[in-house]
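Have a look at the structure below, then the notes.
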Protein chains: 2
Amino acid sequence: MTKLEDVAEEAGVSASTVSRALSRPDMVSEATRTRVLDAAERLGYRHNQAARALVTGRTGLLAFSVPSLANPYYAPVIAGAQAAAEEAGCELIVVVTDGSAEREQALYARLSERVDGFAAAAPVSAGTQLSQVARKRPLVTLNRRVRGVSSVVVDTPAGMGALGGHLAGLGHRRIAYLGGPDGSWLDPRRLSALREAVPDCEVAALGPYPPEFEAGVRAADAVLDTGCTAVIAYSSTLLIGLLHRLTLLGKSAPHDLSLACADDLSASGLAMPEVTALHVPAAEAGRRAVQRLLETVTSGPTAATHQLLPVELLTRASTGRPAA
Amino acid sequence: MTKLEDVAEEAGVSASTVSRALSRPDMVSEATRTRVLDAAERLGYRHNQAARALVTGRTGLLAFSVPSLANPYYAPVIAGAQAAAEEAGCELIVVVTDGSAEREQALYARLSERVDGFAAAAPVSAGTQLSQVARKRPLVTLNRRVRGVSSVVVDTPAGMGALGGHLAGLGHRRIAYLGGPDGSWLDPRRLSALREAVPDCEVAALGPYPPEFEAGVRAADAVLDTGCTAVIAYSSTLLIGLLHRLTLLGKSAPHDLSLACADDLSASGLAMPEVTALHVPAAEAGRRAVQRLLETVTSGPTAATHQLLPVELLTRASTGRPAA
DNA sequence: ACGCATGCTGCAAGCGATTGCATTCACCGT
DNA sequence: ACGGTGAATGCAATCGCTTGCAGCATGCGT
């Protein structure tokens, strides 16, 4: 491997100068800088991160935890996060927590000396524990807001309000809400946002349901039992199962039932062009989380910021006026 | 941070001894070892990976590349890989390549000095390029076999044979095969394995299809056009779309059409208990790939090994005798 | 013309671990 | 009783990079 010293020799300067030319360009003269950069280029020089980490204490690694990879929701989130990390010359260690608070904590313990910071998607640990972690290491939470910890939250509650408004506007008065997984931080917030948005409607809250096809199948029967004329599913996977079961029963949307989904399936290979849904800026959320994390990493601890990303209501064919 | 020296002081030995007690336990006496381990425990000592990496050249990081995270197939693969890495005290850098050979190459270039080795799931780079990479860094390919590069391959071709046999045994003579994504290494192998297994059948090869719901929807119509009595889908996502469309058209399996899938959906939140499928040991494949990779990393370059993992035919209700 | 900022550059001391080599010491055979 | 053997430990160099400090011009003010 070519090292700093080799570049230094090639450029006819000292190793320190090379180091500075590469990482603090404004500390060396224009002439040397170009000479060094040239030499580095010629020799194909690449930083040895370990050596750098040893002295600076920064590893150039970020941990990104997600509850599950089976849920396609996280695919674009991770893609966005990865893009942001890559732009900053960092790598992402993706860790699956299976939605277990223990695994989450184990992960913080295991990695806290190896990475520069954590981004945690929908963490399930207690808020106090998260603050604890944030005190030791930069931490950004995604789709979960904790006092004193920077966060990026996709404003699906507002989206739920919009969905509710849309349905109520069409004349629906009984709406079923298929809740998310047990322990979800967002779920109760979505539900109450929905209720607030449609004070004249009866909202039947069903669930909790895990984000699984079969849960959607089960949910279909529960929905029909409520006699609701519209249904909003928490997650796309749930919706697919729901739709399957309804189709099997000969029910179609929006004729028999209006159908909407609180997240967007387009990035998951499950795109359903006819379903009214919320467009969730998932990639953007991942990207923002990592960007914010990197800010904290480079600038040291600052006041926590909370970003709320708007969602967009995509009104499509699966919602319509309720049958008379 | 507590360092080696602190532990040394606490235990009343030199730093070298601590280092040895921790990483080469058989080089120190029983007594010192326990004393050191105690001290380390008391002080909550954790290795500084950067320092270690600097001298040993090993980073304790592995890169794992997958074409996409939207395809739930990879969720268990990554889970298995992560488990294996964790057991060995390593971390996994998961990288999404989007099935692009360029991104794959860029990734090898970017990471080759940062990680101890690569595991690449279904890489699309040219075989010669992969061998090239393998010459510089330990590399294990998953579901792709390249001369001279260790690999772990799930024997879906054999599984396709079994599926074909099953369908032929039920009396099917015209079978549709919904192919995988363009450029897939496995796809032609699956197809020819299928053809060989059912010499008396006509196999209509359709596709290529990306692993997407909509592609499955499109495929449904193509399948019906062929007049086949059975269909085998390359991937679970495809199958879901197919099933949706068929249900919508009032066709049901196995009555109108026998339905089978070449991969297992159970781990992806899309479990379909009634569909005949191949059980794919995906987690095991991920685990094996990382284990093999770690062997190469620790023992230096050895002859390439090729592991073939058997799949299991799950005969279920979606396949039956063709309608007369 | 002298002194003093100012701007670049080099020297050298680390960062925290591993490891080849030297040292110590106990123990064994003769 | 003594040299030899081998196990256990310590010393010190080393990995590649960053960075505080010192050195050294250059150019400016006076």
Side-chain angles (χ1 to χ4, degrees), chain A residues 1-40 43-61 89-90 112-116 297-298 300, chain B residues 1-40 43-61 89-91 111-116 297-298 300:
Chain A
M1 274 306 71
T2 65
K3 42 182 177 171
L4 216 46
E5 211 179 333
D6 304 333
V7 181
E9 195 171 340
E10 174 85 5
V13 294
S14 78
S16 349
T17 303
V18 177
S19 171
R20 282 190 275 253
L22 260 36
S23 40
R24 238 93 60 84
D26 47 324
M27 282 190 69
V28 302
S29 73
E30 169 82 37
T32 357
R33 189 189 326 147
T34 56
R35 201 141 40 88
V36 169
L37 262 42
D38 266 28
L43 271 53
Y45 175 75
R46 313 245 11 230
H47 266 119
N48 178 327
Q49 288 285 356
R52 168 183 284 204
L54 183 53
V55 38
T56 61
R58 291 198 27 207
T59 59
L61 295 174
C90 289
S112 74
E113 278 113 11
R114 287 210 71 170
V115 302
D116 293 336
V297 167
T298 49
Chain B
M1 275 306 71
T2 65
K3 42 183 178 170
L4 217 45
E5 212 179 333
D6 304 333
V7 181
E9 196 172 339
E10 174 85 6
V13 294
S14 77
S16 346
T17 304
V18 177
S19 171
R20 283 189 275 253
L22 260 36
S23 40
R24 239 94 58 83
D26 47 323
M27 282 190 70
V28 303
S29 74
E30 169 83 38
T32 15
R33 190 189 324 150
T34 57
R35 201 142 39 88
V36 168
L37 260 42
D38 265 29
L43 271 53
Y45 174 76
R46 313 241 14 231
H47 266 119
N48 178 327
Q49 289 286 355
R52 169 183 284 207
L54 183 52
V55 39
T56 62
R58 289 197 30 203
T59 59
L61 295 174
C90 289
E91 301 303 329
L111 286 174
S112 74
E113 278 113 13
R114 287 211 72 172
V115 301
D116 293 337
V297 167
T298 49

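Chain naming here is simple, since letters A, B, ... match the order of the sequence lines and numbering starts at 1 in each. None of the values given here were measured: they were computed from a predicted structure.
- Each side-chain hydrogen bond (donor to acceptor under 3.5 Å, both in side chains) pair with one or both residues in residues 47-56 of chain A, not counting sequence neighbours, appears once here: A/His47-A/Arg52.
- Pairing each heavy atom of A/Ala21 with each of A/Leu37, the nearest pair is O-CD1, 4.1 Å.
- Between the CG atom of B/Leu54 and the C1' atom of C/dG16 there is a distance of 9 Å, given to the nearest Å.
- Atom CE of B/Met27 and atom P of C/dT18 are 12 Å apart (whole Å).
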Only distances under 3.5 Å count here; give the side-chain donor-acceptor pairs of residues 7-14 of chain B to other protein atoms, sequence neighbours excluded, each with its distance to 0.1 Å.
{"from": "B/Glu10", "atom 1": "OE2", "to": "B/Arg42", "atom 2": "NE", "distance (Å)": "2.7"}
{"from": "B/Glu10", "atom 1": "OE2", "to": "B/Arg42", "atom 2": "NH2", "distance (Å)": "3.1"}
{"from": "B/Ser14", "atom 1": "OG", "to": "B/Ser16", "atom 2": "N", "distance (Å)": "3.4"}
{"from": "B/Ser14", "atom 1": "OG", "to": "B/Ser16", "atom 2": "OG", "distance (Å)": "3.4"}
{"from": "B/Ser14", "atom 1": "OG", "to": "B/Thr17", "atom 2": "N", "distance (Å)": "3.4"}
{"from": "B/Ser14", "atom 1": "OG", "to": "B/Thr17", "atom 2": "OG1", "distance (Å)": "3.2"}

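- Atom pair B/Asn48:CG and C/dG16:P shows a separation of 7 Å (rounding to whole Å applied).
- A/Arg58 pairs by the side chain to side chain donor-acceptor pair (under 3.5 Å) definition with nothing, not counting sequence neighbours.
- Annotation: salt bridge (Lys or Arg N to Asp or Glu O under 4.0 Å) contacts of B/Glu5 (sequence neighbours excluded): none.
- The two residues A/Asp116 and A/Gly60 have their closest heavy-atom pair at OD2-N, 2.8 Å.
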Any protein N or O atoms within reach of nucleotides 22-26 of chain C? Criterion: under 3.5 Å, listing atom names and distances.
none

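- A straight line from CZ of B/Arg46 to C1' of C/dA17 spans 15 Å, rounded to a whole angstrom.
- Side chain of A/Thr59 to main chain of A/Ala53: no donor-acceptor pair is present (N/O by atom type, distance under 3.5 Å, no hydrogens or angles).
- One atom, CD of A/Glu30, and another, P of C/dG7, lie 16 Å apart when rounded to the nearest Å.
- When atom types are taken as modelled, the side chain of A/Ser19 and the backbone of A/Ala15 share no donor-acceptor pair closer than 3.5 angstrom.
- Legend: residues meeting side chain to side chain contact (heavy atoms under 4.5 Å, CB included) with A/Thr2, ordered by chain and number and at least two apart, are A/Asp6, A/Leu43, A/Tyr45.
- As rounded to whole Å, 21 Å separates atom P of C/dA17 from atom CZ of A/Arg52.
- OP1 and OP2 of C/dG16 both lie 4.0 Å or more from every side-chain N or O belonging to B/Tyr45.
- B/Pro25 and B/Ser23 get closest at one heavy-atom pair: CD-C, 3.6 Å.
- Applying the salt bridge (charged side-chain N to carboxylate O under 4.0 Å, His left out) rule to pairs touching residues 17-27 of chain B yields nothing, sequence neighbours excluded.
- Across the protein-nucleic acid pair, A/Asp26 atom CG and C/dC8 atom P stand 9 Å apart, rounded to whole Å.
- Between its opening and closing five pairs, the helix from C/dA1-D/dT30 to C/dT30-D/dA1 changes axis direction by 40°, a value rounded to 10 degrees.
- Running 5' to 3' along DNA chain D, contacts with non-hydrogen atoms of chain A at under 4.0 Å begin and end at D/dG16 to D/dG20.
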For nucleotides 19-21 of chain C, list the nitrogen or oxygen atoms of the protein found under 3.5 Å from its nitrogen or oxygen atoms, one pair per line.
{"from": "C/dT19", "atom 1": "OP2", "to": "B/Arg24", "atom 2": "NH2", "distance (Å)": "2.9"}

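- Nucleotide C/dA17 holds its C1' atom 10 Å from the CD atom of B/Gln49, rounded to whole Å.
- One finds the CD atom of B/Glu113 at 5.0 Å from the CE atom of A/Met1 (value rounded to the nearest 0.5 Å).
- Contacts of A/Thr32 classified as side chain to side chain donor-acceptor pair (under 3.5 Å), with partners at least two apart in sequence or in another chain: A/Ser29.
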